[in-house]
Amino acid sequence: MAAVLKRVLRPGTFPAALGHPVGRREACLSTDAGAAVRVRFAPSPTGFLHLGGLRTALYNYIFARKHRGSFILRLEDTDQMRLVPGAAENIEDMLEWAGEAAGEDHSFSKEVTGMPPEEMLSSLKKSSKAVLKRCYQSSLHRGLAGDGAGIPPDESPRQGGPAGPYQQSQRLELYAQATEALVNTGAAYPCFCSPERLELLKREALRNHQTPRYDNRCRNLTQKQVAQKLAEVPKPAIRFRLEEEAPAFQDLVYGWKQHEVASVEGDPVILKSDGFPTYHLACVVDDHHMGISHVLRGSEWLSSTSKHLLLYQALGWQPPHFAHLPLLLNRDGSKLSKRQGDVFLEHFATAGFLPDALLDIITNCGSGFAENQMGRTLPELVTQFDLTQITCHSALLDLEKLPEFNRVHLRRLVSSEAQRRQLVGKLQALVEEVFGSQLQDRAVLDPAYMERIILLRQGHICRLQDLVSPAYSYLWTRPAVGRAQLGTISEKVDEIAKRVIGLLERPGVSLTQDVLNGELKKLSEGLEGTKYSNVMRLLRVALSGQPQGPPVAEMIVSLGPKEVRERIQKVLSS
């Protein structure tokens, strides 16, 4: 850093690598004719990927696909003190989790994808608990949205690409070059103020009910004073000299904006004493070198855009178009907080929600589309998206509706024969995972049986996991029900059982739900003093051990005549 500062303090010219000077340009409402669209999602790995981040990534992805451009993932990891271990990996894992729903072939969980359920689980159980959970969820959702769901980046730290590296901590030389250019032209200067002095300034401002700001003390130091201070503080921070007149710009969402940043805040640090840039410098340098054409980011950065435009101007670079997205808020208008565990994508993946449903609900609650409707797939979102339709109003997210969104998307998958086969395999794995050695008859893992269950319950379940909840345990294990328990419902247990078995053994009868409903009503009509509702209640308990559940006719079709007969006979002999 000391060598760089010596270069910084010596007059010079812009390095050729920094690009050619251009005039100031204001954003317009359309893409430049013939220019390639390149957008980026640039999260900081100071936490795991959450719904707000997913929404920003999704809008960037949709915009890129709409204009046949490129979607880039860049990790802004320059704040080394706040990095969360595993967060960088989590961000890519979760985007790949969404991508694998589209059948994309990424490195995550390749070793188990496509295996038969028993072999897959055998492989998974050899892994650590954390890896098992991640791989299991990946395999659970992989291939379940074959019509194009998922937002995998075209370029990323893991994918690589022509504009890499894609982690800011690996791009420090570029920031040093840009800083040198700014110092050489007087647009930036070294700051020798100690952290203690800066903290005192902040406390004094707060005590006087003022907004804390740097007083620009080091801005007007002479070269001689700078040289003297360098002997004492060889690694000063570098600050950017804010101009009094910030350029106006036309945001693609909020319209014309101008923020006179110099009048409300002091000169910002752009390069810290440890050689790492702050966000303001890093995003400008990286967006320029990565050829970013449009910046779609959260509205919290709207007021910083004038500052970034001043940096572009000072460096002689053409700025991209800017579009700031309104915040994603809770239904009550409060901010989505990373302290809420249930806003992280991993929570939803673990709970068995489909990526399709998440992408659908976070666009349904906001703007950017002529109308909102439940059940849209990603190709439909891309087709319908219109950046000019995004309003300035915050998007209110009602997560209580997510199960219903998931129900709609799950039913769509069931309607596809190819996707239904995928669901059968996932359900086999779930049954093995949840019930394991409790299975009295492994015939329940038969694909035909699994498919019958899925078809019968479509529209009634929100997640595939619902089918392995206690309410549906009777589908996989036989309930422990005794004659005495059934006797409390009706005294005619034997007669009812006899008639049901006779119905199941009647030759030439197609036991569909409609046929069974009619036959069961006839059966109860011949039982004097016994209500139809009691007959249904008795049969439901005999077959499932539960007082509530699907219609008895559906239970019989689900389990099949052979299993129903065995369960009834077991009760009679108990």
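The figures that follow rest on heavy atoms only: side chains count, while hydrogens, waters and symmetry mates do not. If you read the sequence from its start, that first residue is 1, and numbering goes on from there.
Counting heavy-atom neighbours within 6.0 Å of Lys229 NZ, excluding the residue itself, gives a total of 12 or less. Within 6.0 Å of the CD atom in Glu245, the count of heavy atoms belonging to other residues, nucleotides or ligands does not exceed 12. A 6.0 Å sphere centred on CZ of Arg217 holds no more than 12 heavy atoms belonging to other residues, nucleotides or ligands.
Between His288 and Leu315, every side-chain heavy-atom pair lies at or beyond the 4.5 Å cut-off. Residues Cys283 and Arg40 meet the side-chain proximity criterion, which asks for heavy atoms closer than 4.5 Å. Within the 4.5 Å cutoff, side-chain heavy atoms of Phe348 are placed close to those of Leu51. Within the 4.5 Å cutoff, no side-chain heavy atoms of Phe249 are placed close to those of Pro319. Proximity of Val408 to Arg412: side-chain heavy atoms (C-beta onward) are nowhere separated by under 4.5 Å. Side-chain atoms of Val269 and Cys191, non-hydrogen and from C-beta on, never get closer than 4.5 Å to each other. Taking 4.5 Å as the limit, every side-chain heavy atom of Leu354 sits out of range of all side-chain heavy atoms of Leu464. When side chains are defined from C-beta on, Val261 counts as touching Leu310, because their heavy atoms get closer than 4.5 Å.
Summarising the geometry of Ser394 relative to Leu329, their closest heavy-atom pair is CB-CD1, 3.5 Å, with the distance given to 0.1 Å. The two residues Gly366 and Ala395 make their nearest non-hydrogen contact at CA-CB, 3.7 Å. Across Gln465 and Gly352, no two heavy atoms sit closer than the pair NE2-CA, 3.1 Å. Shown here for Phe240 and Asp267, the closest heavy-atom pair between the two residues is O-CB, 3.0 Å. Lys307 and Pro268 get closest at one heavy-atom pair: CD-CG, 3.9 Å. Across all non-hydrogen atoms, the minimal contact from Asp287 to Arg74 is OD1-NH1, 2.9 Å.
In this structure, Arg38 contributes its side chain and Ile72 its backbone to no donor-acceptor pair below 3.5 Å. Looking only at distances, a side-chain donor or acceptor of Asp77 sits under 3.5 Å from a matching main-chain atom of Ser169. With hydrogens and angles ignored, the 3.5 Å screen pairs a side-chain donor or acceptor of Asn60 with a backbone N or O of Leu296. Checking side-chain atoms of Asp386 against main-chain N and O of Gly368 turns up no donor-acceptor pair under 3.5 Å. Side chain of Ser367 to backbone of Thr391: a donor-acceptor contact under 3.5 angstrom is found. A donor-acceptor pair under 3.5 Å links the side-chain atoms of Thr185 to the main chain of Ala181, judged by distance alone. Not a single donor-acceptor pair under 3.5 Å links the side chain of Ser156 to the backbone N or O of Leu73. Panel note: side chain Arg239, backbone Arg219; no donor-acceptor pair is recorded below 3.5 Å. Side chain of Arg213 to main chain of Ser263: a donor-acceptor pair is present (N/O by atom type, distance under 3.5 Å, no hydrogens or angles). Proximity of a side-chain donor or acceptor of Lys257 to a complementary backbone N or O of Gln250 within less than 3.5 Å is not detected.
Here the CG atom belonging to Asp286 is positioned 4.0 Å from the CZ atom belonging to Arg171, to the nearest 0.5 angstrom. To the nearest 0.5 Å, atom OH of residue Tyr61 and atom CG of residue Leu54 are 12.5 Å apart. The structure places CG of Asn372 at 10.5 Å from CE of Met374, a figure rounded to the nearest 0.5 Å. Between the CZ atom of Phe405 and the CG atom of Asp356 there is a distance of 12.5 Å, given to the nearest 0.5 Å. Remark: Ile361 CD1 to Leu402 CG distance equals 5.0 Å, nearest 0.5 Å. Ile238 CD1 to Thr179 OG1: the interatomic distance, rounded to the nearest 0.5 Å, is 7.0 Å.
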Checklist line | Stepwise side-chain contact (heavy atoms from CB on, under 4.5 Å) check, Phe369 with Arg376 | finding: CA-CA 11 Å; Phe369 305 89; Arg376 286 183 296 197; 3.7 Å; yes

Checklist line | Residue pair Arg297, Thr305: steps toward the side-chain hydrogen bond (donor to acceptor under 3.5 Å, both in side chains) verdict | finding: CA-CA 11 Å; Arg297 61 186 178 186; Thr305 305; 3.2 Å; yes

Next item on the list: Show your reasoning for whether side-chain contact (heavy atoms from CB on, under 4.5 Å) applies to Phe353 and His409.
Entry: CA-CA 10 Å; Phe353 288 102; His409 283 279; over 6 Å; no

Notebook entry, point to check: Between Leu252 and His294, is a side-chain contact (heavy atoms from CB on, under 4.5 Å) present by the stated rule, with each step listed?
Noted result: CA-CA 10 Å; Leu252 302 185; His294 295 76; 4.1 Å; yes

Margin query: Using the rule given for side-chain contact (heavy atoms from CB on, under 4.5 Å), can you reason through Glu244 versus Glu260, listing the C-alpha separation, both sets of side-chain angles and the distance that settles it, and then say yes or no?
Written below: CA-CA 7 Å; Glu244 289 299 328; Glu260 295 296 345; 5.6 Å; no

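For the residue pair Tyr279 and Glu76, no side-chain donor N or O sits within less than 3.5 Å of a side-chain acceptor on the partner. No side-chain donor-acceptor contact under 3.5 Å links Ser70 and Asp154. The closest side-chain donor-acceptor pair between Ser293 and His67, if any, does not fall under 3.5 angstrom.
A cation-pi arrangement is found for Arg55 relative to Tyr59, the charged atom lying closer than 6.0 Å to the ring centre and inside a 45° cone about the ring normal.
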